[in-house]
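What you see below is based on every heavy atom in this structure, not just the backbone, and it leaves out hydrogens, waters and symmetry mates. Because the structure is a prediction, the values reported are computed rather than measured.
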Amino acid sequence: MKKLDFIYFDAGGGHRAAANALKQVIEQQKRDFEVRLVNLQEVLDSIDVFRKLTGIRLQDIYNLLLKKGWTLGSPQMMAGMHWVIRLFHGRQVRVLEEFWRQSRPDMAVSLVPNLDRALGESLRRALPGVPLVTIITDIADYPPHFWIEQQDQHFICGSAKAVEQAHALGHPAEKVHRVSGMVLHPRFYEIAPLSPEVRAAERAKLGFDPSQPVGLVMFGGEGSNVMLEIARRLDRRQLLIICGKNEKLRAKLQALPHTAPMFVEGFTKEVPRYMQLADYFIGKPGPGSISEAIAMHLPVIVERNAWTLPQERYNADWVRQNAVGIVLPNFRGIARAVDDLLHPETFRQYRAATERINNRAIFEIPDILDRICP
């Protein structure tokens with residue numbers, strides 16, 4: 001068995017989710033891989049300067065910022081974080097060297113940004129010849145020193161833009177591997193289609209008028225307080241809102257007066273089923289949520305402004321380039337945007353654009369790993 005270490009952390013939910021999804025598919029395919037999930041935060045806990053200063057892990061600080069919506073100035077915060085990472089680079093390398101010597105994988109697969117320089121350097125020192133593969137879980141890189149480092153390794157890219165960025169930094173074609181999109185959980189491919197009758201009945205069970213459109217509102221695993229503003233501004237629209245782990249937000253939404261039917265859900269693994277019951281998606285331009293919505297043929301409405309995380313800003317450009325939805329400067333214009341999106345001819349065009357995108361990345365990546373692993 002080839003031993004593969006999948007490196008993730010919990011700053012946002014996408015990294016762990018992608019690692020788990022790939023592990024599940026690899027096991028379903030009965031490949032000659034033993035996949036071990038490694039939480040990088042736990043490996044580096046002993047030198048987490050943020051935890052020493054504040055008592056809170058770096059990944060938890062990040063998640064708190066998302067939950068509270070405190071993302072204005074995030075490019076400057078990113079620069080400060082990179083300065084700290086550079087300052088502690090030597091210590092990170094030493095800790096990771098010891099980890100690799102104990103773990104002894106045949107290949108290391110990184111699903112995390114910012115720390116691949118330390119991962120690569122430590123792996124070369126501890127286990128020369130063992131390849132490092134970075135699966136970029138954003139649609140594109142946010143240089144410098146975010147996803148793509150100038151070191152000898154492989155990159156798996158879900159967009160032409162990411163491939164272009166890797167080549168621009170000097171990585172040869174044989175080390176840059178293009179797949180058809182972001183990693184989605186296999187349940188998005190396994191879910192059975194619903195007949196119109198069943199879909200109408202399921203919508204009615206949630207309290208909706210099946211004949212009227214339903215918007216799905218979702219802002220990642222931590223939710224966002226902007227969902228309250230969206231619900232207020234779409235008072236006369238049917239909404240299916242998923243709050244993730246944010247129980248306080250869920251309680252506020254459930255208590256919010258709303259003229260049209262509104263169903264509020266917390267953390268759930270039934271996102272594909274809820275997307276089947278919706279007609280369009282409203283959320284932040286995260287790579288996972290956009291890709292999930294498009295896989296379920298939901299046109300999207302997202303915002304892009306100074307509060308948008310810098311690594312997610314290109315995603316809004318990608319939405320425009322692929323004509324799969326509307327990008328707003330802020331959600332104050334959400335009511336007009338929904339009206340425009342649901343105009344019959346406009347909606348048909350957006351829906352057709354989502355249907356032209358065939359993302360099979362989760363089934364393409366295991367073949368690539370198989371070719372790379374010695």
Side-chain angles (χ1 to χ4, degrees), residues 2-11 15-16 18-19 22 35-52 57-59 62 77-138 140-157 162-163 165-177 311 365 368-369 371-374:
K2 300 173 184 177
K3 297 177 181 178
L4 276 59
D5 281 354
F6 277 19
I7 313 299
Y8 73 95
F9 55 21
D10 286 322
H15 310 286
R16 180 195 285 266
L22 280 167
V35 176
R36 300 177 293 196
L37 300 182
V38 178
N39 188 331
L40 186 58
Q41 174 73 58
E42 294 177 356
V43 176
L44 296 176
D45 257 348
S46 63
I47 56 170
D48 186 345
V49 65
F50 298 94
R51 187 180 188 183
K52 291 178 180 178
R57 286 173 158 182
L58 173 59
Q59 66 182 27
Y62 178 86
M77 287 189 284
M78 182 87 70
M81 183 183 66
H82 283 171
W83 179 83
V84 173
I85 289 171
R86 287 196 300 273
L87 186 65
F88 283 80
H89 175 74
R91 294 175 65 182
Q92 292 166 2
V93 169
R94 289 192 292 274
V95 170
L96 287 167
E97 273 189 78
E98 181 60 28
F99 170 79
W100 295 129
R101 290 192 180 100
Q102 294 179 10
S103 177
R104 305 200 68 82
D106 296 303
M107 180 163 62
V109 180
S110 169
L111 295 101
V112 300
N114 300 310
L115 294 162
D116 276 9
R117 179 169 163 243
L119 287 170
E121 186 175 327
S122 60
L123 189 63
R124 289 192 298 275
R125 289 185 182 184
L127 301 172
V130 171
L132 172 65
V133 182
T134 294
I135 300 174
I136 300 176
T137 63
D138 284 301
D141 190 19
Y142 177 68
H145 307 301
F146 194 72
W147 280 109
I148 304 174
E149 295 284 2
Q150 289 181 294
Q151 58 186 7
D152 184 18
Q153 65 162 112
H154 292 261
F155 296 93
I156 296 178
C157 308
V163 170
Q165 291 172 313
H167 288 325
L169 285 175
H171 293 284
E174 64 270 16
K175 296 290 182 74
V176 181
H177 311 270
Q311 69 270 26
I365 290 173
I368 294 171
L369 297 181
R371 293 198 298 269
I372 296 171
C373 195

Student: Got N39 and R16 here, is their nearest side-chain heavy-atom distance under 4.5 Å?
Tutor: yes
Student: Roughly how far, to the nearest 0.5 Å, is the OH atom of Y142 from the CG atom of N114?
Tutor: 11.0 Å
Student: To the nearest 0.5 Å, what is the distance between CD1 (I135) and CD1 (I7)?
Tutor: 11.0 Å
Student: Rounded to the nearest 0.5 Å, how far does CD1 of I372 lie from CE of M107?
Tutor: 6.0 Å
Student: If we only count heavy atoms from C-beta on, is the S103 to L127 side-chain gap below 4.5 Å?
Tutor: no
Student: If a pair satisfies salt bridge (Lys or Arg N to Asp or Glu O under 4.0 Å) and one of its residues is in residues 117-127, list it, with sequence neighbours excluded.
Tutor: E97-R125, E121-R125
Student: List the atom of A162, the atom of A140, and the distance in Å for their closest heavy-atom pair.
Tutor: CB-CA, 4.3 Å
Student: If you define the side chain from C-beta out and look only at heavy atoms, does anything of I136 sit under 4.5 Å from I148?
Tutor: yes
Student: Only counting residues at least two apart or in another chain, list the ones meeting side-chain hydrogen bond (donor to acceptor under 3.5 Å, both in side chains) with D106.
Tutor: none
Student: Can you name the side-chain hydrogen bond (donor to acceptor under 3.5 Å, both in side chains) partners of Q150, sequence neighbours left out?
Tutor: none
Student: Using every non-hydrogen atom in the two residues, find where C373 and K2 come nearest and quote the distance to one decimal.
Tutor: SG-CD, 3.6 Å
Student: Taking only residues two or more places apart in sequence, or in another chain, which ones meet K3 in a salt bridge (Lys or Arg N to Asp or Glu O under 4.0 Å)?
Tutor: none
Student: Using a 4.5 Å cut-off on heavy atoms from C-beta on, say whether the side chain of L44 contacts that of F88.
Tutor: no
Student: So, taking the atom named CD in Q102 and the one named CZ in R104, what distance separates them when rounded to the nearest 0.5 Å?
Tutor: 10.5 Å
Student: Could you check whether any side-chain heavy atom of F6 comes within less than 4.5 Å of a side-chain heavy atom of L369, counting everything from C-beta outward?
Tutor: yes
Student: Kindly write out the residues that satisfy side chain to side chain contact (heavy atoms under 4.5 Å, CB included) with A108, not counting sequence neighbours, or none if the list is empty.
Tutor: W100, L123, L132
Student: With Q92, which residues qualify under side-chain hydrogen bond (donor to acceptor under 3.5 Å, both in side chains), at least two apart?
Tutor: none
Student: Please enumerate all residues that pass side-chain hydrogen bond (donor to acceptor under 3.5 Å, both in side chains) together with T134, with sequence neighbours excluded.
Tutor: D116, Q153
Student: Can you tell me how far CG of L40 sits from CG of L115, rounded to the nearest 0.5 angstrom?
Tutor: 5.5 Å
Student: Do any N or O atoms from the side chain of H15 and from the backbone of L111 form a donor-acceptor pair under 3.5 angstrom?
Tutor: yes
Student: Compare every heavy atom of A19 with every heavy atom of Y8, then report the nearest pair and how far apart it is.
Tutor: CB-CB, 4.3 Å
Student: Considering all heavy atoms of both residues, which atom of H167 and which atom of A173 are nearest to each other, and what is their separation?
Tutor: CE1-CA, 3.6 Å
Student: Please identify each residue that fulfils salt bridge (Lys or Arg N to Asp or Glu O under 4.0 Å) with D5, with sequence neighbours left out.
Tutor: R36
Student: How far does CD of Q151 sit from CG of L169, to the nearest 0.5 angstrom?
Tutor: 11.0 Å
Student: If every non-hydrogen atom of R101 is compared with every non-hydrogen atom of A126, which pair is closest and at what distance?
Tutor: CG-CB, 3.8 Å
Student: For H145, check ring-ring contact (aromatic ring centres under 6.0 Å, His included) against everything at least two apart and list the hits.
Tutor: none
Student: Compare all side-chain heavy atoms of V35 with those of L22 and state whether any distance is below 4.5 angstrom.
Tutor: no
Student: Could you list the residues that satisfy side chain to side chain contact (heavy atoms under 4.5 Å, CB included) with P128, not counting sequence neighbours?
Tutor: none
Student: Do any N or O atoms from the side chain of S122 and from the backbone of A118 form a donor-acceptor pair under 3.5 angstrom?
Tutor: yes
Student: Can you name the closest pair of heavy atoms from E174 and H177 and give their distance?
Tutor: O-CE1, 3.4 Å
Student: Partners of F155 by ring-ring contact (aromatic ring centres under 6.0 Å, His included), sequence neighbours excluded?
Tutor: H171
